[in-house]
Amino acid sequence: MPLGDPHGGNFTYTVEGLPLETFIASVPSADPVKASAFYRDVLLMKVLMSSPDEVIVRRARCTLRLYKSDNCGVDTGIFIGVEDTYDFHRRMIDEGVRFKMDPKRLPMGVATSFFDNDDNVLYAIETLAVPCEDDKNESGDEGA
């Protein structure tokens with residue numbers, strides 16, 4: 001805020017305070033501690049925090065919050081980034097994971113959807129996909 005402008009009325013914003021990335025996504029679970037086994041043992045996510053009502057798991061830059069809820073079995077709309085969707089699909093089939101959608105090309109890249117142990121639908125999408133034109137222009141680094 002410029003000096004002499006205590007309420008910020010003369011300040012012109014550029015990118016200050018705008019979202020940069022998804023920091024954490026929440027997934028409903030009837031029993032978060034029990035549900036964390038799927039994320040820990042199948043998706044190889046590390047349990048960062050655990051209580052009867054909430055479990056936080058992370059792998060690389062993917063952080064999920066499993067929270068106690070009576071409303072499970074929902075389409076979460078959460079897209080987890082993976083290097084190769086086909087490798088993810090093959091590996092998860094070997095682990096006995098049920099899929100809603102086999103790998104399919106979507107506007108943002110190849111994605112697949114699967115069920116966790118609470119019948120929630122999550123998605124996996126390739127992170128090396130060609131970014132949208134808006135992303136290239138906004139970041140200036142063309143997704144690097």
Side-chain angles (χ1 to χ4, degrees), residues 1-2 7-144:
M1 181 173 355
H7 299 290
N10 295 324
F11 184 76
T12 303
Y13 282 104
T14 55
V15 297
E16 295 84 359
L18 297 179
L20 298 175
E21 63 184 85
T22 301
F23 182 73
I24 190 167
S26 295
V27 179
S29 175
D31 183 344
V33 174
K34 183 177 176 184
S36 69
F38 172 82
Y39 293 87
R40 182 192 65 229
D41 300 339
V42 177
L43 297 179
L44 301 182
M45 300 180 87
K46 181 180 179 184
V47 175
L48 300 180
M49 189 280 300
S50 181
S51 74
D53 294 329
E54 179 180 52
V55 176
I56 307 292
V57 294
R58 176 184 292 152
R59 177 164 177 78
R61 291 180 53 185
C62 180
T63 305
L64 298 175
R65 171 184 170 254
L66 312 176
Y67 68 95
K68 189 166 186 67
S69 175
D70 294 330
N71 187 23
C72 300
V74 300
D75 185 335
T76 65
I78 298 169
F79 282 75
I80 296 170
V82 296
E83 192 171 303
D84 184 291
T85 309
Y86 295 101
D87 287 345
F88 174 83
H89 187 258
R90 184 173 35 256
R91 182 177 183 145
M92 293 299 110
I93 286 175
D94 289 347
E95 292 287 340
V97 173
R98 294 178 303 122
F99 281 81
K100 181 175 181 179
M101 178 180 73
D102 289 334
K104 177 181 177 181
R105 179 154 301 283
L106 301 177
M108 290 298 295
V110 177
T112 186
S113 62
F114 61 98
F115 296 95
D116 69 4
N117 288 347
D118 281 304
D119 287 330
N120 295 308
V121 177
L122 293 102
Y123 299 81
I125 190 164
E126 59 185 347
T127 56
L128 300 177
V130 177
C132 291
E133 287 300 317
D134 288 348
D135 187 37
K136 282 195 231 177
N137 296 333
E138 191 173 306
S139 66
D141 61 4
E142 298 192 40

Shortest non-hydrogen contact between [X] and [Y], atoms and distance:
X: F115; Y: V97; value: O-CG1, 3.9 Å
X: A35; Y: D118; value: CB-OD2, 3.5 Å
X: E83; Y: E126; value: O-CB, 4.1 Å
X: C72; Y: S69; value: SG-O, 3.4 Å

| query | Would the number of heavy atoms belonging to other residues, nucleotides or ligands and lying under 6.0 Å from CZ of R65 be above 12? | reply |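 Yes, the 6.0 Å shell around CZ holds more than 12 heavy atoms from other groups.
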Below 4.5 Å, heavy atoms only, C-beta onward: do [X] and [Y] meet side chain to side chain?
X: H89; Y: M101; value: no
X: P28; Y: Y67; value: yes
X: T112; Y: V82; value: no
X: V42; Y: F114; value: no
X: F88; Y: V110; value: no

| request: Could you verify whether a donor N or O on one side chain and an acceptor N or O on the other, from T76 and N120, lie under 3.5 Å apart? | output: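 No, because no side-chain N or O of T76 sits under 3.5 Å from a partner of the opposite role on N120.
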| field | Pair Y123-D75, side-chain donor/acceptor within less than 3.5 Å | value |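 The answer is yes; a qualifying pair exists.
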Any chance you could measure [X], atom [atom1], to [Y], atom [atom2], to the nearest 0.5 Å?
X: K68; Y: S51; atom1: NZ; atom2: OG; value: 10.0 Å
X: S29; Y: N71; atom1: OG; atom2: CG; value: 12.0 Å
X: L48; Y: R59; atom1: CG; atom2: CZ; value: 12.5 Å
X: M92; Y: T85; atom1: CE; atom2: OG1; value: 12.0 Å
X: M45; Y: L64; atom1: CE; atom2: CG; value: 4.0 Å
X: I24; Y: C62; atom1: CD1; atom2: SG; value: 9.5 Å

| Yes or no on side chain to side chain contact (heavy atoms under 4.5 Å, CB included) for V55 and Y39, after CA distance, side-chain angles and deciding distance? | CA-CA 10 Å; V55 176; Y39 293 87; over 6 Å; no
| Checking side-chain hydrogen bond (donor to acceptor under 3.5 Å, both in side chains) against R98, which of N117, D116, D119 comes through? |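 Filter result, single survivor: D119.
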| message | Applying the side chain to side chain contact (heavy atoms under 4.5 Å, CB included) criterion to S50, which one of L66, I56, V33 satisfies it? | response |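 Result for side chain to side chain contact (heavy atoms under 4.5 Å, CB included) with S50: V33.
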| Taking only residues two or more places apart in sequence, or in another chain, which ones meet F38 in a ring pair (Phe, Tyr, Trp, His ring centres under 6.0 Å)? |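 None.
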| field | Candidate pair R91 and D94, rule salt bridge (charged side-chain N to carboxylate O under 4.0 Å, His left out), full reasoning | value | CA-CA 5 Å; R91 182 177 183 145; D94 289 347; over 6 Å; no
